[in-house]
Amino acid sequence: MVQLATFFLLIGLTPTRGDTPPDDVPRYSDDERSHWAFQKVVKPPIPEVRNAAWCRNEIDRFVLAKLELKGWEPSPSPTPLALLRRVHIDLTGLPPTIVEQESFLRDPSPEALDRVVDNLLARTSYGERWARHWLDLVRFAESNGYERDATKPSAWRYRDWVIRALNDDKSYDRFLTEQIAGDEIPGADSDSLIATGFARLGPWDDEPSDPRQDRFDQLDDIVATTSEVALGLTVACARCHDHKFEPISQVDYYRMVAIFNPLQRPAAGRTELDLPAGSKHEIEALASRDGEIDKLSRARELVMKPARDKYLESPTKTIPPHAKEAILSDPLKRSDEQKLLVIQFAAKIDEAIRPALSPEVVAKVEKIDREIASLRAATPDLPRGYFLRESGAIPPTHLLIRGQAAAPGRVVEPGVP
């Protein structure tokens, strides 16, 4: 989805005086390059404090140093019960049970509190509580917004991936890498592919008035979210002009857009589609299996066609007209939307026409069904995920005049600020 080399530059670039950008990329002054978001994170020295006995750890020293600088005293220590309640609600969002309160109050020592914290961090509710903060940052929702507000298929798998990442103590660099380039990393699997749902989580208009502008609105959503959560920058303001507050040019913005431009949203008309999530080998094997099943399904349709057509041509209110049209159409020429309709109503039609089938037709259908079941058993379905897929061709990315898709400027190559 994103070249790994480009990705690591994207989240880890530290500009130096020796960088040589391409001729068409704006150069920045040393003052602009000293922007806070570009600086390496360093561990500050531990401050000295007068009341060192109050501190239980190094973080307390930073807090106390600020208080002492103002001549303030720390607040009184909370009661053991209040402390226990704060810890529980902070880590899991849930208050302690009566049994947990009684147990802690028998021994409210610092060592006992440490054990409580360790226990809470090991609970699945810890990930469920703290995943909410990341999900808010990356604009997670299970529906698309706009008029119909359709459900995002399988989006819940991304939510569960974030929860597991926190509960499994996944490292932060790996956490980011899987979300932005989970299909490119060595050993990519269903888990890392589901993580790339990060790029697809924004709102989606299934009937935009201006499809070209809507396409760039989607790309803007990806660039804006990526820059805010991974770079600490509001890059999206440079869509229409050079950024007024951050050292980001309009060219920088569209170089980032070009990184994500090959991504496409799987959809059948107004209906969003999810995708199988697995390793490259697993996805190829599943596609091969589905190809064989498709051939058998077409053979099954031919066997049942006379009885099915007769049923569909008779007055029936259980099958809507657009579904009838899809089922009666040439299987090789069906749109994705028609294929979904065929799958949706297949079982209902089978049940309706089975009494009218001859024993010979029933035997053929059952034989085909056994072959399909055997293929599915040999190559099981993969979990479905909500993520974008990469198109075969890489489209050119134009710098848009004032951010308008109808006013394309010069072509911009993929790159980082």
Side-chain angles (χ1 to χ4, degrees), residues 36-37 39-142 155-176 178-179 195 198 201 225 228-232 234:
W36 68 267
Q39 306 313 306
K40 183 178 180 179
V41 176
V42 296
K43 188 173 183 178
I46 307 301
E48 295 292 332
V49 294
R50 292 190 297 273
N51 186 16
W54 181 83
C55 304
R56 290 193 59 202
N57 51 51
E58 294 178 348
I59 296 175
D60 285 349
R61 285 180 172 269
F62 284 94
V63 173
L64 185 58
K66 290 291 186 181
L67 294 176
E68 290 181 345
L69 190 64
K70 294 179 178 290
W72 296 350
E73 293 289 333
S75 298
S77 298
T79 64
L81 184 58
L83 182 60
L84 180 70
R85 182 179 175 84
R86 290 179 191 177
V87 168
H88 270 259
I89 291 177
D90 190 44
L91 293 181
T92 68
L94 301 169
T97 65
I98 297 298
V99 172
E100 289 168 333
Q101 294 176 41
E102 292 172 346
S103 174
F104 182 70
L105 291 177
R106 283 195 294 269
D107 175 26
S109 65
E111 294 74 22
L113 183 64
D114 288 343
R115 290 193 294 272
V116 168
V117 170
D118 288 340
N119 176 272
L120 293 174
L121 290 174
R123 297 184 185 183
T124 56
S125 51
Y126 163 72
E128 292 165 355
R129 160 83 165 90
W130 283 92
R132 293 175 56 199
H133 298 288
W134 182 258
L135 295 172
D136 285 345
L137 287 174
V138 299
R139 80 276 190 233
F140 174 80
E142 292 198 54
W156 60 270
R157 290 191 189 276
Y158 173 84
R159 176 204 64 202
D160 287 5
W161 178 88
V162 175
I163 293 170
R164 285 198 310 276
L166 287 169
N167 284 331
D168 294 345
D169 201 21
K170 191 185 291 286
S171 65
Y172 183 62
D173 60 342
R174 182 72 182 191
F175 181 70
L176 278 181
E178 291 187 13
Q179 291 180 79
F198 162 88
L201 295 174
T225 305
E228 288 170 9
V229 303
L231 298 178
T234 56

K.L.:
Would you compute the distance between atom CG of Leu120 and atom CG of Asp90 and round it to the nearest 0.5 angstrom?
P.N.:
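Reported value, rounded in 0.5 Å steps: 10.0 Å.
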K.L.:
Counting only heavy atoms not in Asp168, do more than 12 sit closer than 6.0 Å to its CG atom?
P.N.:
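Correct, the count exceeds 12.
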K.L.:
Side chain to side chain contact (heavy atoms under 4.5 Å, CB included) with Asn57: which residues, sequence neighbours excluded?
P.N.:
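Listed in chain order: Ile59, Asp60.
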K.L.:
Identify, with sequence neighbours excluded, every residue that meets side chain to side chain donor-acceptor pair (under 3.5 Å) alongside Arg157.
P.N.:
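For Arg157 there are no side chain to side chain donor-acceptor pair (under 3.5 Å) partners, ignoring immediate neighbours.
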K.L.:
Side chain to side chain donor-acceptor pair (under 3.5 Å) with Arg56: which residues, sequence neighbours excluded?
P.N.:
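Partners of Arg56 under the side chain to side chain donor-acceptor pair (under 3.5 Å) test: Asp114.
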K.L.:
Test of understanding: with side chain to side chain contact (heavy atoms under 4.5 Å, CB included), list the residues that count as partners of Ala52, not counting sequence neighbours.
P.N.:
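Counting only residues at least two positions away or on another chain, Ala52 forms a side chain to side chain contact (heavy atoms under 4.5 Å, CB included) with Val49, Arg61.
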K.L.:
Restricting to salt bridge (Lys or Arg N to Asp or Glu O under 4.0 Å), what partner residues turn up for Arg86, sequence neighbours left out?
P.N.:
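Per chain and number, Arg86 pairs via salt bridge (Lys or Arg N to Asp or Glu O under 4.0 Å) with no residue.
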K.L.:
According to side chain to side chain contact (heavy atoms under 4.5 Å, CB included), who are the partners of Glu48, at least two apart in sequence or on a separate chain?
P.N.:
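Applying side chain to side chain contact (heavy atoms under 4.5 Å, CB included) to Glu48 gives none.
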K.L.:
Output all residues satisfying salt bridge (Lys or Arg N to Asp or Glu O under 4.0 Å) with Lys66, sequence neighbours left out; order by chain, then residue number.
P.N.:
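Lys66 satisfies salt bridge (Lys or Arg N to Asp or Glu O under 4.0 Å) with no other residue.
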K.L.:
Taking Arg115 first and then Glu111, would you say they form a salt bridge - that is, a charged N and a carboxylate O separated by under 4.0 Å?
P.N.:
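Answer for the salt bridge query: no.
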K.L.:
Quick one: side chain to side chain donor-acceptor pair (under 3.5 Å) pairs with a partner in residues 118-131, sequence neighbours left out?
P.N.:
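Only Glu100-Arg123, Asn119-Arg123, Arg129-His133 qualify under side chain to side chain donor-acceptor pair (under 3.5 Å).
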K.L.:
Can you list the residues that meet the ring pair (Phe, Tyr, Trp, His ring centres under 6.0 Å) rule with Phe175, with sequence neighbours excluded?
P.N.:
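In terms of ring pair (Phe, Tyr, Trp, His ring centres under 6.0 Å), with neighbours along the sequence ignored, Phe175 is linked to Trp134, Trp161.
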K.L.:
Which residues pass the salt bridge (Lys or Arg N to Asp or Glu O under 4.0 Å) test with Arg139, sequence neighbours left out?
P.N.:
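Expected list: Asp221.
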K.L.:
Which atom pairs, donor and acceptor, lie under 3.5 Å between side-chain atoms of residues 68-79 and protein residues at least two apart or in another chain?
P.N.:
unit_1	atom_1	unit_2	atom_2	d
Glu68	OE1	Arg50	N	3.0
Glu68	OE2	Arg50	N	3.3
Glu68	OE2	Asn51	N	3.2
Thr79	OG1	Ala82	N	3.2

K.L.:
Considering residues at least two apart in sequence or located in another chain, which fulfil the salt bridge (Lys or Arg N to Asp or Glu O under 4.0 Å) criterion with Glu228?
P.N.:
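Testing Glu228 for salt bridge (Lys or Arg N to Asp or Glu O under 4.0 Å), a comparison that skips the adjacent residues, returns none.
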